[in-house]
2 protein chains.
Amino acid sequence: MLWLLNQISQFAPISPEGQLALASVLVRKEVPKGYVLLEHGKICRHLYMLEKGFARGYYTQDGRDISLWFAFEGDILASYYSFVTLKPSYTTIEILEDSTIAGVSYDQLNELYRNYPEFNLIGRLMTEKYFIELEERTLSFQFQSASERYHQLIEKHPQLLQKASLGHIASFLGISQETLSRIRAKK
Amino acid sequence: MLWLLNQISQFAPISPEGQLALASVLVRKEVPKGYVLLEHGKICRHLYMLEKGFARGYYTQDGRDISLWFAFEGDILASYYSFVTLKPSYTTIEILEDSTIAGVSYDQLNELYRNYPEFNLIGRLMTEKYFIELEERTLSFQFQSASERYHQLIEKHPQLLQKASLGHIASFLGISQETLSRIRAKK
DNA sequence: GAGTTTTTTTGACAAAAGTCAAAATCGAAA
DNA sequence: TTTCGATTTTGACTTTTGTCAAAAAAACTC
């Protein structure tokens, strides 16, 4: 429990009452490798943070799946889109390593927002953070070649090579697995 | 003034006091076509909304500029990245049609956030909205061909063809102008 | 450790997109 | 209207990436 409070209060300090209220609704779970946290087509009703482990989100298109993101420790596990709009998620969330997750349900979070407005500040700052990260990713598609995107990704997350398959990484970069293999081959 | 209050309160109702406070710090400006609202390298210290007119944000790379977004009425004009982090903006914001803009400065907005916490809710909801739009754009790069991206863009914003040059649109789609021209040629 | 399954790499070819240069078209100004 | 300048299109060619199939390598199971 403490861990998540700690993570969140890095965005903005939380009052003791807020901390208590959050702690009382927090859910903490151990989930095994292969577990599907959110299924395509279902509504995302929980906002989890990955305390320990590894996961990814992906779309399915014409039978093949395309990675949207990888989650490391401290990252959010949710379909923002579905969680915010309460519409069915396009994303499937798959646990890739035995993990510990902690989070709150949609209803509970909105209770928190209502009763402890300070959480709106945190919510805003976290959303801003993820917005900026996503912006960077969008720009990488617009500006960089596949090879540049790959090398930059590996530089930022060297662990990724141990944790995810090349197929997962290739689809994340928006290229075929063969192209990624060739990028890796040269130099 | 009323217009902007109206727009914003679509995200969440604002108390009369909040409305007054916002109104008292709002800036409203007429800016001519060609005006540069934010220069690359400068810190974005204002959050404007486009009341009327048309604008775009772009990066410059190797002498050529690449459109990041187009802004229609009701859209935000700012470099989120720079505004949130107070680091120099990579984006340049250019007014493409005589426009009316309305907004607040960084300091004033943070005063509002501090004195009227309800604005954090609005800030969060607006950021969420833009996050989801950006997510869609990112996916389009990962999933769709240039041709699909083009047709979808035009379907969503038919006015764009009247307002922006093909060069601007091509760079927004992440392709060369010649490729866009050829996409348009076939059917 | 042999055999099976999955992942990764390689080869051959096709399709998509980029580049450079020139031509055609469009629009505003004289 | 004519002209100048910018935008858009077209042509020829190159580079990048995709696809399908097969081979090689790695990981897993018994």
Side-chain angles (χ1 to χ4, degrees), chain A residues 32-34 54 56 58-67 70 94-98 137-154 157-187, chain B residues 32-34 54 56 58-67 70 94-98 137-154 157-187:
Chain A
K33 173 174 176 173
F54 185 58
R56 70 165 184 143
Y58 67 87
Y59 260 42
T60 305
Q61 196 184 49
D62 317 321
R64 69 174 61 175
D65 66 67
I66 302 187
S67 301
F70 297 105
E94 180 190 17
I95 303 295
L96 294 176
E97 272 179 12
D98 292 356
R137 177 159 155 73
T138 312
L139 292 178
S140 77
F141 279 110
Q142 215 174 342
F143 280 90
Q144 301 182 308
S145 68
S147 168
E148 287 171 323
R149 293 205 297 283
Y150 170 73
H151 289 297
Q152 189 168 303
L153 178 67
I154 293 309
H157 299 292
Q159 337 92 295
L160 202 57
L161 284 176
Q162 274 72 56
K163 299 188 176 225
S165 76
L166 289 192
H168 290 165
I169 294 174
S171 73
F172 177 78
L173 294 170
I175 59 178
S176 72
Q177 170 162 325
E178 292 91 333
T179 296
L180 177 55
S181 181
R182 288 182 179 113
I183 286 170
R184 286 158 54 84
K186 62 177 64 161
K187 209 178 85 17
Chain B
K33 174 177 175 170
F54 185 58
R56 70 164 182 142
Y58 66 86
Y59 260 39
T60 304
Q61 194 185 50
D62 317 322
R64 68 176 60 176
D65 66 66
I66 302 187
S67 300
F70 298 105
E94 180 190 18
I95 303 295
L96 293 176
E97 272 179 14
D98 294 356
R137 179 161 155 69
T138 311
L139 291 179
S140 77
F141 279 110
Q142 216 175 339
F143 280 91
Q144 302 183 307
S145 68
S147 167
E148 287 171 324
R149 293 205 297 281
Y150 171 72
H151 290 297
Q152 187 168 304
L153 178 67
I154 294 309
H157 299 292
Q159 338 90 296
L160 202 58
L161 284 176
Q162 274 71 57
K163 299 189 176 227
S165 75
L166 288 192
H168 290 165
I169 295 175
S171 73
F172 177 76
L173 295 170
I175 58 177
S176 71
Q177 169 160 326
E178 292 91 332
T179 296
L180 177 54
S181 181
R182 289 183 178 113
I183 285 171
R184 285 158 53 84
K186 59 178 66 162
K187 215 179 76 29

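Chain letters run A, B, ... following the sequence lines, proteins first, then strands; residues in each count from 1.
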Q: Check whether any side-chain N or O of A:Thr179 sits under 4.0 Å from OP1 or OP2 of D:dT17, and answer yes or no.
A: no
Separation of C:dT7 atom P from A:Ile169 atom CD1, nearest Å, is 13 Å
Task: D:dT8 OP1/OP2 closer than 4.0 Å to side-chain N/O of B:Arg184 - done: no
| field | Axial cation check for A:Phe143 ring with A:Arg149, 6.0 Å and 45° limits | value | no
* To do: Compare all side-chain heavy atoms of A:Lys33 with those of A:Leu96 and state whether any distance is below 4.5 angstrom.
  => no
Here the distance between atom C1' of D:dC20 and atom CZ of A:Arg64, to the nearest Å, is 11 Å
Query raised in the report: Below 4.5 Å, heavy atoms only, C-beta onward: do B:Ile95 and B:Arg56 meet side chain to side chain?
Result: no
Winner on side-chain proximity to A:Ser165, out of C:dC20, D:dT9, C:dT8, is C:dT8
Q) Donor-acceptor pair, A:Glu97 side chain versus A:Lys163 backbone, under 3.5 Å? A) no
To the nearest angstrom, the CD-C1' distance between B:Gln142 and D:dG18 comes to 16 Å
Side-chain atoms of A:Gln177 come closest, of C:dT9, D:dT8, D:dG18, to C:dT9
Between CD of B:Gln162 and P of D:dT7 the distance, given in whole Å, is 17 Å
In whole angstroms, the gap separating P of C:dT7 from CG of A:Leu180 amounts to 15 Å
Separation of C:dG11 atom C1' from A:Arg182 atom CZ, nearest Å, is 7 Å
Here the distance between atom P of C:dG18 and atom CD of A:Gln144, to the nearest Å, is 15 Å
_So A:Ser176, base contact, sugar-phosphate only, or nothing? Heavy-atom distance under 4.0 Å._
base
Separation of C:dT8 atom C1' from A:Leu161 atom CG, nearest Å, is 13 Å
- Describe, in one word, how the ring planes of B:Phe54 and B:Phe70 are oriented to each other, choosing from parallel (under 30°), tilted (30 to 60°) and perpendicular (over 60°). parallel
Closest of D:dT17, C:dA17, C:dT10 to the A:Ser145 side chain is D:dT17
